[in-house]
Amino acid sequence: MKKKEITSPPSGSQLPPLEGAEQGKVVTRFPPEPNGYPHIGHAKAAIIDEEYAKMYGGRLILRFDDTNPLKEKLEYYDAISEGLQWLGVKPDLIKNTSDDISLLHDYGRKLVELGGAYVCTCAQDRMRDLRAKGLPCDCRADHTTALDRLKGFFGTLYDQNQAVMRFKGDMSDQNTAMRDPTLFRIIEGDHPKLGGSVRIWPTYDFAAPIEDSVDGVTHAMRTKEYELRNALYFAILDRLGLRKPAMIEFSRLEFEGVPVSKRKLRPLIDNGTIKSWDDPRLPTLAAFKKRGFLPEAIRKFVLSLGITLAETKPPFETLEAFNRKIIDPISPRLFFVKDPVEVRVRGAREQEVTLKNHPTDASLGSRRVRAGDTFFIAGEDAVHLKVGDEIRLIELYNIKIAEVRNSGAPLVAEIGSDEIRQSMPKIQWTAKDDMIDYNVMIPKQLYIGDDYNTNSLEVAKGFAESYAATLKPDTHIQFVRFGFCRIDDGYTSIMSHR
RNA sequence: GCUCCGGUGGUGUAGUCCGGUUAAGCAUUUCGCCCUCUCAAGGCGGAGAUCCCGGGUUCAAAUCCCGGCCGGAGCACCA
């Protein structure tokens, strides 16, 4: 046996080669339903779709799969577009499934005329029962009135819930997706793009194959929960004599304790636990942005996952590691002291010191800090101090602890030696004369098991150098010995990761 | 219940289609050292997998076959 013939993509790509892909002829598509804010799961699909298109010099289509007016809203089209733009995913064509509504209707009619579908007026629960038992209903067998029913279906004969169009599959197929699934249903309601002009709407099962085929998609990708619908997808195209794209599945992307489903997230928003869809605890793209993750990190991470079918929750730490490496060289270093403890340094003279913004990259500049004789250090650092300890205030001077008092009274210290020993603790500090009240929001896992984590958002309170207030929102910084953060406003930042 | 899909170090993957060329590569994690006025980044090194289990085929199996176990998905007039 020989190895499968696969045109190798240009080197440098991280994804495995696409079967049957020809350079310059690959067309992929990302088909989100505009029914919510884009999240990390969307990012995975969109990035893989785009990456393959790029890899083969092909095209990417962004197709809003808007076939259910009850669920879709204009704001979500925009939210998805914005999310993709932030991610750096650039479609070559943007369209809506609803653009092709009459084409879809035509194919639906044609399918009935070809005997591949029928209008069914059975009640929903009766049909569910029949499908479970693998038995056909009377509508299916009624050939004589099939065309009249079809006419009535697209006319005004039926009201919502009175009729649907079903695929003529096999009611006894072991793959239940093939037991005459619904192709069209009647929905009264305003569609965000088409208003109330259309009432016969295709289901995903019908729209997806037709659109993919008609749009020239060569490689269609979707998450693995659709696997059993592949048979249906191809059966529809077969009966209609339409070209069949290749279908590739991959597992969903979700992190431990951070569900992506609206069922789990919506309630938190609705009951006010979480105020908006860009809350940094959420898996939405807006949240990742707010939290200080860079799109490049997300892309690298997604690509490192591969297109496996295994259902796993990848480690969030890996994403953090990618982000840290990208952010580290561009993040100014600043001082933030959490749970501050006051330190008086006897005999300290007032001075203005220059602090480097980055340990190795001088191009990030420096800042001036006014220091007197009163400082604050982090509570965590203070608890370990004993009389006689010598520590270094980073980039300032050494101090020697002279007095340790209980219950919140300031520590007293004196100026220490000039020697910067490798082993001595070097800690961040803020000067009383040059600091501001500061909060760092620290997002944690949203859910623990099935329960909302009531401690999912820690707010670290303390002092930061006043310089922090001068940084523009969205700036990435590192609070030394604390973690990487994104500036949210003058007195708040959001922690990205350590 | 029926059907389908997965199961490689703590974690995520590569390799599995075409059995041997590495008894398993990479990343993350973790430990040590170097560098360093950060517990960051960078450099070097180490740890960590009898490739779910049991049979079988074969000179040879993570890779093929059979059985089992565990996990997930689908069975909507949602996508």
Side-chain angles (χ1 to χ4, degrees), chain A residues 1-4 6 14 16 19 31-36 65-68 70-72 97 120 122-125 127-128 131-132 134 160-166 173-179 181-187 200-205 207-208 222-231 249 251-253 256 262 300-301 303-322 324-331 333 335 355-356 358-361 380 392-398 420-422 424-428 478-484 497-498:
Chain A
M1 280 236 247
K2 281 228 306 271
K3 286 211 171 197
K4 274 179 196 164
I6 294 175
Q14 296 182 57
E19 218 173 300
E33 182 187 18
N35 67 343
D65 208 11
D66 52 353
T67 57
N68 187 347
L70 265 20
K71 295 198 167 185
E72 292 134 16
T97 298
C120 174
C122 295
Q124 216 169 136
D125 41 351
M127 202 56 200
R128 190 187 29 189
R131 297 219 316 154
Q160 190 164 307
N161 297 324
Q162 286 189 337
V164 296
M165 184 194 293
R166 293 186 176 281
D173 199 310
Q174 293 198 308
N175 179 355
T176 47
M178 293 302 286
R179 322 243 267 220
T182 300
L183 264 24
F184 285 91
R185 73 285 209 212
I186 301 168
I187 300 176
I200 307 293
W201 288 98
T203 58
Y204 167 82
D205 283 328
R222 47 169 32 164
T223 44
K224 64 175 276 187
E225 64 266 26
Y226 294 110
E227 256 181 315
L228 297 213
R229 317 188 93 77
N230 286 175
E249 290 91 20
S251 57
R252 298 183 64 127
L253 170 55
E256 184 65 44
K262 277 176 270 295
K300 280 185 123 174
F301 174 73
L303 261 17
S304 80
L305 261 26
I307 49 168
T308 162
L309 267 339
E311 70 278 334
T312 47
K313 309 237 181 190
F316 198 75
E317 288 166 325
T318 306
L319 209 207
E320 294 182 344
F322 279 127
R324 190 181 297 116
K325 282 167 193 170
I326 297 173
I327 269 180
D328 182 89
I330 60 167
S331 296
R333 268 47 177 181
F335 295 155
L355 304 180
K356 282 187 295 191
H358 191 95
T360 53
D361 188 352
E380 259 180 33
R392 181 163 184 84
L393 301 181
I394 294 176
E395 292 206 83
L396 216 211
Y397 44 57
N398 298 349
I420 305 173
R421 287 189 304 279
Q422 182 69 25
M424 77 194 318
K426 302 175 190 77
I427 65 171
Q428 77 279 21
Q478 187 205 40
F479 279 127
V480 171
R481 301 207 311 137
F482 187 84
F484 289 90
H497 42 71
R498 291 210 55 109

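Small disclaimer: the values here were computed from a predicted structure and weren't measured. In what follows, chains carry the letters A, B, and so on, assigned in the order in which the sequence lines appear, proteins first and then strands, with residues in each chain numbered from 1.
Look at G32(B): its Watson-Crick or wobble partner, with both distances under 3.5 angstrom, is C44(B). Nucleotide U11(B) has A27(B) as its partner under the Watson-Crick or G-U criteria, with both atom distances under 3.5 Å. When both pairing distances are held under 3.5 Å, C17(B) makes no Watson-Crick or G-U pair with any nucleotide shown. Under the Watson-Crick or G-U wobble criterion, with both distances below 3.5 Å, U22(B) has no partner in any strand shown. In this structure, G74(B) forms a base pair with C2(B), meeting either the Watson-Crick or the G-U wobble geometry with both donor-acceptor distances under 3.5 Å. Of all nucleotides present, none satisfies the Watson-Crick or G-U wobble test against C51(B) with each distance under 3.5 Å. The partner of U58(B), taking Watson-Crick or G-U wobble pairs whose two distances both stay under 3.5 Å, does not exist in any strand shown.
Counting to the nearest Å, the P atom of U38(B) and the CZ atom of Phe484(A) are 13 Å from each other. Taking atom CZ of residue Arg498(A) and atom P of nucleotide U38(B), one finds them 15 Å apart after rounding to whole Å. Rounded to whole angstrom, the span from the CZ atom of Arg392(A) across to the P atom of U36(B) amounts to 15 Å. Atom CG in Asn175(A) sits about 11 Å away from atom C1' in C2(B), given to the nearest Å. Counting to the nearest Å, the P atom of U28(B) and the CD1 atom of Ile326(A) are 12 Å from each other. The interatomic distance linking Ile420(A) (CD1) with U36(B) (P) rounds to 12 Å, in whole Å. In this structure, His497(A) places its NE2 atom 13 Å from P of A40(B), rounding to the nearest Å. The CZ atom of Arg421(A) sits 18 Å away from the C1' atom of U38(B) (whole-angstrom rounding).
Separating the CG atom in Leu355(A) from the CD1 atom in Ile394(A) is a distance of 9.5 Å, to the nearest 0.5 Å.
Applying the side-chain hydrogen bond (donor to acceptor under 3.5 Å, both in side chains) rule to Asp173(A) yields no partners; only residues at least two apart in sequence or on another chain are considered. Residues passing the side-chain hydrogen bond (donor to acceptor under 3.5 Å, both in side chains) test with Arg392(A) are Asn398(A), sequence neighbours excluded. With sequence neighbours left out, the side-chain contact (heavy atoms from CB on, under 4.5 Å) criterion links Thr360(A) to His358(A). Applying the side-chain contact (heavy atoms from CB on, under 4.5 Å) criterion to Ile200(A), with sequence neighbours excluded, gives His105(A), Phe153(A), Phe154(A), Phe184(A), Ile186(A). Residues passing the side-chain hydrogen bond (donor to acceptor under 3.5 Å, both in side chains) test with Glu33(A) are Asn35(A), sequence neighbours excluded. Partners of Tyr204(A) according to the side-chain hydrogen bond (donor to acceptor under 3.5 Å, both in side chains) rule, which considers only residues two or more places apart in sequence or in another chain, are Arg222(A). For Lys300(A), the side-chain contact (heavy atoms from CB on, under 4.5 Å) test picks out Phe322(A), with sequence neighbours left out. Annotation: side-chain contact (heavy atoms from CB on, under 4.5 Å) contacts of Ala132(A) (sequence neighbours excluded): none.
Between the side chain of Arg333(A) and the backbone N or O of Ser331(A) there is at least one donor-acceptor pair closer than 3.5 Å.
Close to A41(B), at under 4.0 Å from its OP1 or OP2, lies a side-chain N or O of Arg324(A).
Side-chain atoms of Glu320(A) and base atoms of U28(B) include no donor and acceptor less than 3.5 Å apart. For Arg333(A) against A40(B), a side-chain-to-base donor-acceptor contact under 3.5 Å is present.
Within the nucleic acid shown, Glu249(A) has no heavy atom closer than 4.0 Å to any nucleic acid atom.
Counting heavy atoms from C-beta on, the side chains of Gln428(A) and Phe479(A) never come closer than 4.5 Å. Contact annotation: the side chain of Trp201(A) never approaches that of Leu70(A) to less than 4.5 Å [non-hydrogen atoms, C-beta and beyond].
Across A61(B) and G20(B), the matching P atoms stand 11 Å from one another, rounded to whole Å. Remark: the separation of the P atoms in C51(B) and C44(B) is 31 Å, to the nearest Å. With both ends at atom C1', the span from A73(B) to A79(B) equals 15 Å, rounded to whole Å. Between G19(B) and A60(B), the distance separating the two P atoms is 15 Å to the nearest Å. The same atom, C1', is picked in C2(B) and in A49(B); the two are 36 Å apart, to the nearest Å. Look at the P atom in both U63(B) and C53(B): the space between them is 10 Å, to the nearest Å. Nucleotides C66(B) and A23(B) place their P atoms 29 Å apart, quoted to the nearest Å. Annotation: C18(B) and C64(B) have their C1' atoms spaced 11 Å apart (nearest Å).
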Which atom pairs link the protein and nucleotides 49-53 of chain B when you take only N or O atoms and keep those under 3.5 Å?
none

Pairs under 3.5 angstrom, nitrogen or oxygen only, protein versus nucleotides 4-13 of chain B, please.
| unit_1 | atom_1 | unit_2 | atom_2 | d |
| --- | --- | --- | --- | --- |
| G12(B) | O3' | Thr312(A) | OG1 | 3.1 |
| U13(B) | OP1 | Thr312(A) | OG1 | 2.8 |

What N/O pairs connect the protein and nucleotides 76-79 of chain B at under 3.5 Å? Give each pair on its own line.
| unit_1 | atom_1 | unit_2 | atom_2 | d |
| --- | --- | --- | --- | --- |
| A76(B) | O5' | Arg131(A) | NH2 | 3.2 |
| C77(B) | OP2 | Arg166(A) | NH2 | 3.4 |
| C77(B) | N4 | Asn161(A) | O | 2.9 |
| C78(B) | OP2 | Arg185(A) | NE | 2.2 |
| C78(B) | OP2 | Arg185(A) | NH2 | 2.8 |
| C78(B) | O3' | Arg185(A) | NH2 | 2.8 |
| A79(B) | OP1 | Thr67(A) | OG1 | 3.2 |
| A79(B) | OP1 | Arg185(A) | NH1 | 3.1 |
| A79(B) | OP1 | Arg185(A) | NH2 | 2.4 |
| A79(B) | OP2 | Tyr204(A) | N | 3.0 |
| A79(B) | O3' | Asp65(A) | OD2 | 2.7 |
| A79(B) | N6 | Arg229(A) | NH1 | 3.4 |
| A79(B) | N3 | Tyr226(A) | OH | 2.8 |

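Heavy atoms only, all atoms of each residue included: Asn175(A) and Ala231(A) are closest at ND2-CB, 3.9 Å.
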Taking distance alone, no hydrogens or angles, what donor-acceptor pairs closer than 3.5 Å link side-chain atoms of residues 308-320 of chain A to residues at least two apart or in another chain?
| unit_1 | atom_1 | unit_2 | atom_2 | d |
| --- | --- | --- | --- | --- |
| Thr308(A) | OG1 | Ala310(A) | N | 2.9 |
| Glu311(A) | OE1 | Lys224(A) | NZ | 3.1 |
| Lys313(A) | NZ | Glu254(A) | OE2 | 3.1 |

